[in-house]
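Here's the structure, in structure tokens; my notes come after.
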Amino acid sequence: MSPELASAQQIADELLEMPEASAVSLQMSVDNYLDVIRGVVDLFANKKKMDTIYVTATISSEAIKRVLEALDIDSERVFFVDCISHIMMGASTAAQDEKTTLVESPTMLENLMLKVEYLIRRSQSEGKVVVIDSINSLAIHNNNWILSELLHILVSGLRSRDAYTVILTVEEHSTPDISNMVNLVCDHGIHAGKLREG
Amino acid sequence: MPLKPGDRERCATGVEGLDTILYGGIPRTNTVLLTGSCGTGKTSLALEFLIHGAIRGENSLFISVTENSEKLLANIIPYRFFDRTLVRSGRLVFVDMPIMYERLGLTKPDLSMEEIDLLVSALASLAKELGSKRLVIDSITSVCYKLKTSEKIRDFILKLSKALSDLGCTSILVGEVPADSTSYSSFGVEEAIADGIVLMANMERRGDLLRTLQVIKMRGTMHSRAKYVLDLTPMGVLLVPLLKGGSTQ
């Protein structure tokens, strides 16, 4: 990988090498957030034809849908668990529908797990991937103890169902505690941020 | 889950999480008190137990005490697995208790011991006639209001449990308790007689209200005693463990 920020294609290529049902930590920079979304969604939802459950705690599902549309990425197989729109109190137009499930607050981590479970059960697709966007946004609202517990239970459950997990980490907002928490549950790490030299 | 020698046969509730908690399901012929305050999902869980039974070919009977069964069916969660032919074929039967009271002439607000025997006998006859293997009374608390004393409530539940158990029927009695109650039942008797207690509650955590489920007791099986968070979805009741977050409380 070049010392510059990883492109959507490079991210997709690295993800493609991951064995099935892997849990992957994807460390990115705020500057290539859109490339990461593009790389992950396009690879799993379109190239691999997997139902993609996108847990968003950073920006609203409506905003991500607009991004995907602007990038000309088909979102037919993308289902959102939106943890942020409800607490925006009308500032987001995201509404509950077949493709979008709202969680009242990013502090309701059990409900996040329940909505993921619901979508996994409802899915007819053979392969499934759950994208957590991002652990840093969830860390704004929750302490590390409860987040560690969430990741442990969620990732173990998804692994037993042969589903991929991709946990997005924003390197500018990360701490050693958050990195350790993610590394503990993930099998692989992809660094798509500003690569350290040497 | 395969049964070991000596294990009691199970009546799988069909709620995957609950069957895991109970190591396969409710021991067959048990009478379980499903208790909690309003809005905790008791009726939905009880209905799902019956629907899964009916799908498996077990005749199932719902006795509605507080709500007209037509209204109940109209408000049912649009379960993806619920097929109205189960009702039309008689596999899943709804009976309104007020109609039974009227037919039996039990219109007084306070039933005598003889009338309690009559009611137990009528319920058992109905379950026998329909070949019911699963039964729900929603709610037993409303029936108990007609019995007034602890002795009568004890007598009624004991006789009913025995009669249903003798028919090979696994039963859920839905109980109602106030939100701030520390007891598992309104009259303090139901919980002592039931073979099992499943407690549903609303739990507040940092301003969030979570629906929870906990199996307090279940005769005839090991079970988890941990608290779980639940969601009522078109795929049925889903359960996940309550996250503790390092809490010592």
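Letters go in sequence order (proteins before strands), and every chain restarts at 1. Everything quoted here is computed from the prediction, not taken from an experiment.
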- request: Decide yes or no on salt bridge (charged side-chain N to carboxylate O under 4.0 Å, His left out) for A/Lys65 and A/Glu62, but give the supporting numbers first.
  value: CA-CA 5 Å; A/Lys65 281 177 198 169; A/Glu62 278 303 298; 3.6 Å; yes
query: Which bit of A/Thr107 is near chain B, if near means a heavy-atom gap under 4.5 Å: side chain, backbone, both or neither?
result: both
- request: Identify which one of B/Asp83, B/Asn59, B/Thr85 satisfies the side-chain hydrogen bond (donor to acceptor under 3.5 Å, both in side chains) criterion when paired with B/Arg91.
  value: B/Asn59
- request: Check for a donor-acceptor pair, side chain of B/Thr13 on one end and backbone N or O of B/Val15 on the other, with a separation under 3.5 Å.
  value: yes
query: By a 4.5 Å heavy-atom criterion (distance strictly below it), what part of A/Asn144 contacts chain B: side chain, backbone, both, or neither?
result: neither
task: Please flag which part of A/His141 lies under 4.5 Å from any non-hydrogen atom of chain B: side chain, backbone, both or neither.
output: backbone
query: Does NZ or CZ of B/Arg10 fall inside the cone over B/Tyr23's six-membered ring, less than 6.0 Å from its centre and within 45° of the axis?
result: no
Part of A/Glu104 lying under 4.5 Å from any heavy atom of chain B: neither
field: A/Leu114 portion near chain B, given a 4.5 angstrom heavy-atom threshold
entry: both
- request: Examine distances only and state if a side-chain atom of A/Ser156 and a backbone atom of A/His152 form a donor-acceptor pair shorter than 3.5 Å.
  value: yes
query: Would a 4.5 Å heavy-atom cut-off, applied to side chains only, mark B/Phe49 and B/Ile26 as touching?
result: yes
Side chains of A/Val129 and A/Leu43 in contact at under 4.5 Å (non-hydrogen atoms): no
- request: Assess whether atom OH of B/Tyr184 is packed by more than 12 heavy atoms of other residues, nucleotides or ligands within 6.0 Å.
  value: no
- prompt: For the residue pair A/Ser61 and A/Asp82, what are the closest heavy atoms and their distance?
  reply: OG-OD2, 2.7 Å
field: Interface residues of residues 201-229 of chain B facing chain A - heavy atom cut-off under 4.5 Å
entry: B/Arg205, B/Arg206, B/Asp208, B/Leu209, B/Leu210, B/Val229
message: Is B/Leu242 in contact with chain A via its backbone, its side chain, both, or neither, using a 4.5 Å heavy-atom distance?
response: both
